[in-house]
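Report on the following structure.
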Protein chains: 2
Amino acid sequence: MASSIHDLARHLNISIGTVSRALNGRADVNADTRQRVLEAARELNYSPNQSGRSLRQGATRSIAFMLQPHPGDQEYGEPFFIPFLTGLQAQLAESGLDLIVVMGAPGDYQQERLRRVVETRRADAVVLAWTRREDERIDYLAERGFPFATLGRSRSGGTSYPSLDLDFEKAGSDAVDRLVARGHRRIAAIRPSLNLNFGYLFLDGYRKALQRHGIEVDPGLIAEGFINEAGGYQVTPRVMLSKDKPTAIIFNNDAMALGGCKALAEMGIRPGHDIAVTVIVDTPLCRYFSPALTAFRPALEPMGRRLAEILLAWLPAFAGPEGPRIIREVWPLELIARDSD
Amino acid sequence: MASSIHDLARHLNISIGTVSRALNGRADVNADTRQRVLEAARELNYSPNQSGRSLRQGATRSIAFMLQPHPGDQEYGEPFFIPFLTGLQAQLAESGLDLIVVMGAPGDYQQERLRRVVETRRADAVVLAWTRREDERIDYLAERGFPFATLGRSRSGGTSYPSLDLDFEKAGSDAVDRLVARGHRRIAAIRPSLNLNFGYLFLDGYRKALQRHGIEVDPGLIAEGFINEAGGYQVTPRVMLSKDKPTAIIFNNDAMALGGCKALAEMGIRPGHDIAVTVIVDTPLCRYFSPALTAFRPALEPMGRRLAEILLAWLPAFAGPEGPRIIREVWPLELIARDSD
DNA sequence: CGTTGTTCCGTAAACGTTTACGAGAACACA
DNA sequence: TGTGTTCTCGTAAACGTTTACGGAACAACG
């Protein structure tokens with residue numbers, strides 16, 4: 001069915017070596033011959049068998065993105081990743097690399113899928129997201145010497161690998177600054193487990209900003225829940241029942257904010273009127289919610305592209321003249337002021 | 001670095017043929033030898049090279065899910081797919097198959113990515129979603145004889161391939177029935193392009209139900225927009241400005257509903273009070289929106305598992321004793337009554 | 001005419017598997 | 001002893017590529 005390089009060779013009555021060289025654009029092949037090979041390739045609808053190629057070259061020319069759920073979170077919060085993946089795939093394609101997304105089973109602590117990708121050499125490198133503060137996946141990859149990059153930072157692995165992250169600390173801090181400037185002093189924070197590194201960073205920025213403003217950090221105003229709608233819904237009432245009620249809430253996530261706003265609605269509290277609401281990571285939901293939610297917007301698509309560059313700069317096969325470099329970047333989150341605060 | 005079957009053979013001083021047979025559980029190998037091979041494999045941390053295996057067997061043992069955006073829709077509506085993919089991956093894994101998700105570039109009419117997967121033989125079969133009424137992807141795959149299954153139906157390709165779909169027609173019909181029973185007669189429908197087959201089916205059910213109730217179908221109450229928040233936001237006012245205003249709106253999608261509800265809010269119209277709102281496909285957003293949106297819920301995770309079964313039943317290499325079968329199923333959407341109607 | 005260099009191409013090995021084939025050994029049976 | 005069967009294993013080819021190596025043809029030059 002599918003034509004191979006041998007078919008081309010037979011059809012043109014030349015050797016497979018020449019065919020391969022012609023297709024790969026090597027110098028030592030006559031311009032005329034190359035032309036004929038390319039024509040025949042089109043005519044016979046030839047395209048290279050990836051398995052054969054990978055086997056010979058010891059490289060698959062594909063990068064795996066691990067879609068690993070965070071324990072307790074069924075829905076992953078994936079809408080977040082789509083623009084990122086779009087950019088990642090586009091940039092990788094420019095280097096002739098394929099992006100494959102690998103689903104992890106929910107609650108897969110053992111990183112079974114990651115192991116499988118690495119061990120069967122299905123990809124030349126992997127990209128991790130939702131890094132945890134201590135991340136066993138990073139330890140695993142670093143220990144094995146398998147190339148990877150992360151969307152997000154972690155304490156694991158030090159700075160031995162390239163990474164890209166958003167400045168959640170500054171966003172947390174900016175959010176507080178803005179609320180304080182608008183007269184708030186009782187500001188709550190709804191966040192996921194501190195194992196999720198962005199949750200940790202956000203809280204850090206939040207704390208430091210409060211202290212900078214001379215406002216005491218009240219543990220009763222900080223609550224932890226699953227990083228989804230249910231989490232926000234469960235946990236928000238807890239914060240609203242503290243002795244001295246908050247006049248503002250910062251949610252770490254659009255899903256948590258949605259759940260939280262439902263809880264508020266059930267208590268008859270209206271975001272934007274009775275309480276200020278800020279969300280750290282903006283999504284279409286924030287924009288189209290009523291009231292529209294003030295949120296911090298990431299440049300996801302460009303970040304996807306950039307992560308591809310960063311990863312490739314670290315891979316010897318792709319590194320430029322200066323050789324492999326470990327690049328780590330932290331990108332800003334842009335405040336989008338809307339109607340909820 | 002990575003150990004091969006040759007390393008095992010050398011280490012045990014036996015031939016690679018025997019090692020391979022032992023690992024693959026074939027009968028013609030001594031029980032004792034097999035034991036030693038397995039031990040050595042664990043000891044040397046052996047795992048088979050997927051490229052070598054694929055090359056020899058002519059099969060990659062992986063299935064590709066195409067994440068193809070619909071033109072004009074930036075966000076894909078992917079949260080919908082996550083539980084589906086979870087089920088799909090889980091069931092495929094039970095047959096030793098890997099699931100890979102392939103991102104298509106936005107607005108990729110040429111199906112470049114699909115072609116690439118097929119031509120480089122990166123997967124043994126593909127799964128398509130968001131089938132269109134006339135779907136060039138299906139034509140392409142059918143013509144090439146490449147195995148595939150779809151989440152959704154299409155006019156393309158007839159019934160020559162396995163598929164799984166939701167009963168959008170019945171959901172549209174049920175939605176109308178329910179609203180009529182509650183006294184509504186002016187019922188609007190906000191839907192995406194009729195190229196998207198589920199949009200077509202939904203509208204069909206909607207129309208037939210109206211006719212069944214002796215209600216004239218008013219074109220002014222039917223509007224088409226992108227299948228995302230912006231689409232719902234843009235198009236909903238159009239329907240509300242018709243001479244004889246609707247008292248109920250059915251949205252084809254949670255994102256369209258969100259955008260539509262924002263438009264309603266801006267007009268001072270409250271869902272659940274001033275107008276009834278129904279959503280065809282339920283998501284966490286519907287549940288946590290205020291008011292909670294009445295919606296039709298799909299069993300996504302089981303559907304993912306089922307689609308794996310259906311696909312495998314069609315692949316000769318996996319088909320049971322009866323041989324390959326084309327299974328096509330339509331699954332129900334369960335009404336979840338909430339507060340918006 | 002001999003030497004050297006260049007251009008182009010064929011040969012064959014290698015990547016890591018699986019598997020058809022056949023061989024040797026052990027054993028049973030007549 | 002001869003024949004057949006069963007169990008176990010080694011040999012080697014094959015999957016589709018890429019690429020190191022060498023050789024043929026030819027040109028250029030002294």
Side-chain angles (χ1 to χ4, degrees), chain A residues 1-38 40-41 44-62 96 98 116 118-124 317, chain B residues 1-38 40-41 44-62 96 98 116 118-124 317:
Chain A
M1 174 85 233
S3 59
S4 80
I5 214 171
H6 290 90
D7 300 326
L8 290 190
R10 204 169 331 116
H11 184 251
L12 293 169
N13 208 26
I14 59 179
S15 79
I16 60 162
T18 304
V19 174
S20 176
R21 280 188 297 261
L23 292 171
N24 290 351
R26 307 194 82 92
D28 56 346
V29 47
N30 185 289
D32 180 55
T33 325
R34 161 169 301 124
Q35 198 55 38
R36 285 169 48 227
V37 169
L38 293 180
L44 298 191
N45 198 16
Y46 169 81
S47 64
N49 180 306
Q50 188 56 42
S51 299
R53 199 178 244 207
S54 299
L55 179 56
R56 167 64 214 228
Q57 308 201 123
T60 62
R61 298 198 69 83
S62 66
D98 284 333
R116 196 170 157 75
V118 169
E119 289 178 353
T120 61
R121 301 163 196 77
R122 263 191 190 277
D124 298 337
Chain B
M1 176 85 234
S3 60
S4 80
I5 215 172
H6 290 90
D7 300 325
L8 290 189
R10 203 169 333 115
H11 184 250
L12 293 169
N13 209 25
I14 58 180
S15 81
I16 60 162
T18 304
V19 173
S20 176
R21 281 188 297 262
L23 291 173
N24 289 351
R26 305 195 83 92
D28 57 347
V29 47
N30 184 288
D32 180 54
T33 331
R34 161 170 299 124
Q35 197 56 38
R36 285 168 48 226
V37 169
L38 294 179
L44 298 191
N45 198 16
Y46 168 82
S47 63
N49 180 307
Q50 188 58 41
S51 300
R53 195 178 248 206
S54 299
L55 179 56
R56 167 64 214 228
Q57 308 201 125
T60 63
R61 298 198 70 81
S62 65
D98 283 334
R116 197 172 158 71
V118 169
E119 289 178 353
T120 61
R121 302 164 195 75
R122 264 193 190 278
D124 298 338

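Chain A is the first sequence line, chain B the second, and so forth, proteins listed ahead of strands; every chain is numbered from 1. The figures here come from the full heavy-atom set of this structure, side chains too, leaving out hydrogens, waters and symmetry mates.
Nearest-nucleotide positions on DNA chain D place B:Ile14 closer to the 5' end than the other of B:Ile14 and A:Tyr46. Between B:Asn30 and B:Arg56, the residue anchored nearer the 5' end of DNA chain D, judged by the nucleotide with its closest heavy atom, is B:Asn30. Nucleotides of DNA chain C nearest to A:Ile16 and B:Ser51 differ in position, and the one nearer the 5' end is that of A:Ile16.
When all heavy atoms of A:Asp32 and A:Asn30 are compared, the pair lying nearest together is N-OD1, 2.6 Å.
Regarding A:Asn24, its CG atom lies at a distance of 9 Å from the C1' atom of D:dT17, rounded to whole Å. Residue A:Gln50 contributes atom CD, which lies 10 Å from atom P of D:dT18 at whole-angstrom precision.
The one candidate from B:Ile5, B:Val37, B:Leu38 that meets the side-chain contact (heavy atoms from CB on, under 4.5 Å) condition with B:Tyr46 is B:Ile5.
Counting any heavy atom pair closer than 4.0 Å across all strands shown, A:Ser4 reaches sugar-phosphate atoms only and no base atom.
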Protein-nucleic acid N or O pairs under 3.5 Å, nucleotides 20-26 of chain C:
residue: C:dA20; atom: N6; partner: B:Arg21; partner atom: NH1; Å: 3.3

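Of the candidates C:dT17, D:dT17, C:dG16, C:dT17 carries the atom nearest the B:Pro48 side chain, counting heavy atoms from C-beta on.
Contact check, B:Thr18 against D:dG10: a side-chain N or O comes under 4.0 Å of OP1 or OP2. At C:dT17, none of the side-chain N or O atoms of B:Ser20 fall inside 4.0 Å of OP1 or OP2 (strictly under the cut-off).
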